[in-house]
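Report on the structure given below.
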2 protein chains.
Amino acid sequence: MMHQRPRISDVARLAGVSTATVSRALSNPALVSEETRAAVDQAVQATGYRINHAARNLRHRRTGGIVALVPGLANPFFSQILSGIASVLAPAGYNLLVADTRSAGADTLLSYAEPSRADGLIVLDGTLPAAGLTRMPVVLACEWVPGLIAPRVKIDNREAAAMAVNHLADLGHRRIGHVAGPPGNVLTEARQAGWQEACIARGLTPDPALLYPGDFGLDSGQRAARLWLDQPKDSRPTAVFLASDEMACGFIGEVVRHGIRVPQDLSVVGFDDIELVAHIAPPLTTIRQPRNQLGRIAAERLLARLEGRVDDTDTVLPVELVLRGSTAPPRG
Amino acid sequence: MMHQRPRISDVARLAGVSTATVSRALSNPALVSEETRAAVDQAVQATGYRINHAARNLRHRRTGGIVALVPGLANPFFSQILSGIASVLAPAGYNLLVADTRSAGADTLLSYAEPSRADGLIVLDGTLPAAGLTRMPVVLACEWVPGLIAPRVKIDNREAAAMAVNHLADLGHRRIGHVAGPPGNVLTEARQAGWQEACIARGLTPDPALLYPGDFGLDSGQRAARLWLDQPKDSRPTAVFLASDEMACGFIGEVVRHGIRVPQDLSVVGFDDIELVAHIAPPLTTIRQPRNQLGRIAAERLLARLEGRVDDTDTVLPVELVLRGSTAPPRG
DNA sequence: CTGAAAGCGCTTACAG
DNA sequence: CTGAAAGCGCTTACAG
């Protein structure tokens, strides 16, 4: 859709120099004399010239685009990560292309991860096949793809889960339940393992009856709550640690509707600290992930890679247990 | 980052034809003979050829990109709209570039809206200056920029607000408050006007004391709740209609913390129907916007425009009042 | 410091 | 139906 846009040759003609000189004056001003630079600048002003990225990209054999592969654009958890990514990509002159790994087919995703479309990849979905992701520099953020060697920006999910369990154990809870994430997800495994280990370390039993299936989504939290409600009162957990805040919201909503009081009758700890959970009643005690920072660092590490600085170490960001109103000592 | 990727000339050599023929076989197979097509297909397979988009775009004088300008990527309201946009853009061969109008500077935004970066624009932020947005085909979604002539995909915000007010009036409420959106926003004005008009139509007074400032965000809902709590019990509204669900969450959280029961002591209606509000306690009665559909239709109309079908009419999508647990007749 | 020229990898009138 | 050739709008060794 480029109409009659001025080209570099128009600028050159007006400034009385060659196109090569205009190009240099624009991209590497130190290379030309001061007068030339001034003449070119003036001609740029006069013509309203703006560079044509497609031409420049073709010449540079790059695309200027970075693709973020997100499992569910509609998931509020990812929007702040994207926000962080965008905030470092834009100043560096890269476009952020966003692709939803849930709504797009495998072939669409592969076509996004194509060298002529993007220069690099930020993968936020750990369930993608590693094979398709090796065609360009890639950074893994939050989730990671087992077997894919690439820098990862993540948190210590095991430790984070242990923080939640320890908080509940400190309050005096002896039966601490866990609502897990989707099966096969690396985060699910790490958080569940953290729950299990921390329970054992505190002399508690991570009984299978205390473990509920989930998928990070609201509805699965609600389903877990129904399972909990169906359990005998004297053997069900007095506290539940859920692998996502969304599930925690669904869980609390459902038990409250059945007359359970949180935290008096049941303590709940979530995971993520999405913005909203500070404002529900009761405000949710949860594990805060530095989402914006996760995005920024992932983008920075990808840029470093694109500049040739290769470094496959992991960046592990600190999490924080945010104490709010959804946890209390068990009754009696 | 394109390594030693096969070019169209490699395919041509292998297939024993010219590059022109390969190009035709790929983009317009009907133009070549069946044998040629087969030979080319085979050569494509053998070489693993994939098209170079930068070159094709340069030649076509297009970019293959569509930019969505979003006021706050971290806002869950927009993620589902983006999801809808992406779902029609991807099959059509367009990249979705996402830019956050809050975190990016004005110049960055203008550089996004540049013909050599993108072929079209979907604007979700009504507070942008119209001037910078006229360089390429544009579609306005949800919000709109006053004075910018372009197809709009929206809902009837006035009517939607009236639906909320009528529901509360039907329940018997006589003092219905309103928490407005950010000043200067087109949605704010339309929803506030709808509240006002509907109150008057029902014989109620949209008293200034019933109107609270807000900005769509959670915190502003909380602040509005504090104002409400400070008002004398016998003159404050018995029901509140808020211009966003986020504000409604903040509002409810705060009043519940002060011992107010929703809906027994106070009825609350939100706006948007973000996923989470069905799961909080009480589940929120709200106005549902068809967000995914809004995104899809905006994208479709932009594609139509790019294909030369110009049509500046508005698309108005229906909203729905979703009755849940946050509204009830007033006490006594 | 500057210019002429080649080339990035495609597509498409034009001619046959 | 097919090929030779020009060109999309830049950039960059190369030569001066």
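Chain letters run A, B, ... following the sequence lines, proteins first and then strands; every chain starts at 1.
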Fill in: For atom CZ of A/Arg50 and atom P of D/dC10, their distance in whole Å
12 Å
Worksheet entry | Residue closer to the 5' end of DNA chain D, A/Arg24 versus A/Ile8 (nearest nucleotide) | A/Ile8
Item to complete: Compute both the distance and the angle, then confirm whether B/Arg291 meets the cation-pi test with B/Phe78: under 6.0 Å from the six-membered ring centre, within 45 degrees of the axis.
Response: no
Worksheet item: Do A/Leu148 and A/Leu133 have side chains that get closer than 4.5 Å, going by heavy atoms?
Response: yes
Worksheet entry | Heavy-atom pair with the smallest gap, counting every atom of B/Val22 and B/Ala12 | CG2-CA, 3.6 Å
Discussion item. Within the 4.0 Å heavy-atom criterion, would you say A/Arg59 contacts the bases, only the backbone, or no part of the nucleic acid?
Written reply: base
Worksheet item: Ignoring hydrogens and angles, does a donor from either the side chain of A/Arg5 or the base of D/dG9 sit under 3.5 Å from an acceptor on the other?
Response: no
Item to complete: Would you kindly give the CG-to-C1' distance between B/Leu58 and C/dC10, to the nearest whole Å?
Response: 8 Å
Discussion item. Side-chain N or O of B/Ser33 versus OP1/OP2 of D/dT2: is the shortest distance under 4.0 Å?
Written reply: yes
Response to the item:
When rounded to the nearest 0.5 Å, the distance separating CG of A/Leu82 from CG of A/Leu124 is 6.5 Å
Worksheet entry | A/His60, nearest nucleotide to its side chain (from D/dT12, C/dT11, D/dT2) | D/dT12
Worksheet entry | Rounded C1' spacing from D/dT12 to D/dG16 in Å | 16 Å
Fill in: Gap between atoms NE2 and P, on B/His53 and C/dC8 respectively (whole Å)
19 Å
Discussion item. Could you tell me how far apart A/Asn57 (CG) and D/dC8 (P) are, to the nearest whole angstrom?
Written reply: 18 Å
Fill in: Identified pairing partner of C/dT2, criterion: Watson-Crick or G-U wobble below 3.5 Å
D/dA15
Worksheet item: Between D/dC1, D/dG9, D/dT11, which nucleotide has the shortest distance from any of its atoms to the side chain of A/Thr19?
Response: D/dT11
Worksheet entry | Any B/Arg61 side-chain nitrogen or oxygen under 4.0 Å from OP1 or OP2 of D/dG9 | yes
Worksheet entry | A/Thr47 vs A/Leu14 side-chain heavy atoms within contact, under 4.5 Å | yes
Fill in: Euclidean distance, atom CG of residue B/Asn28 to atom P of C/dC10 [Å, nearest integer]
17 Å
Worksheet item: Got a salt bridge between A/Arg305 and A/Asp312, using NZ or NE/NH1/NH2 to carboxylate O under 4.0 Å?
Response: yes
Worksheet item: What is the distance, rounded to the nearest whole Å, between atom CZ of B/Arg37 and atom P of D/dC1?
Response: 9 Å
Discussion item. Using OP1 and OP2 only, check whether a side-chain N or O of A/Ser18 sits under 4.0 Å from C/dT2.
Written reply: no
Discussion item. For a quick check of understanding: with a heavy-atom distance under 4.0 Å over all strands, which category does B/Thr36 fall into, base, sugar-phosphate or nothing?
Written reply: sugar-phosphate
Discussion item. Whole angstroms only, please: what is the CG-P distance between B/Leu31 and C/dT12?
Written reply: 10 Å
Response to the item:
Out of D/dG3, C/dC10, C/dA4, minimum distance to the side chain of B/Ala20 belongs to D/dG3
Worksheet item: Looking at the side chain of A/Ser23, which of D/dG9, C/dT2, D/dT11 is the nearest nucleotide?
Response: D/dT11
Worksheet item: Which whole-number value in Å describes the distance from A/Arg7 CZ to D/dT11 P?
Response: 15 Å
Item to complete: Measure from the side-chain heavy atoms of B/Asn52 and tell me the nearest of C/dG3, C/dC10, C/dT11.
Response: C/dC10
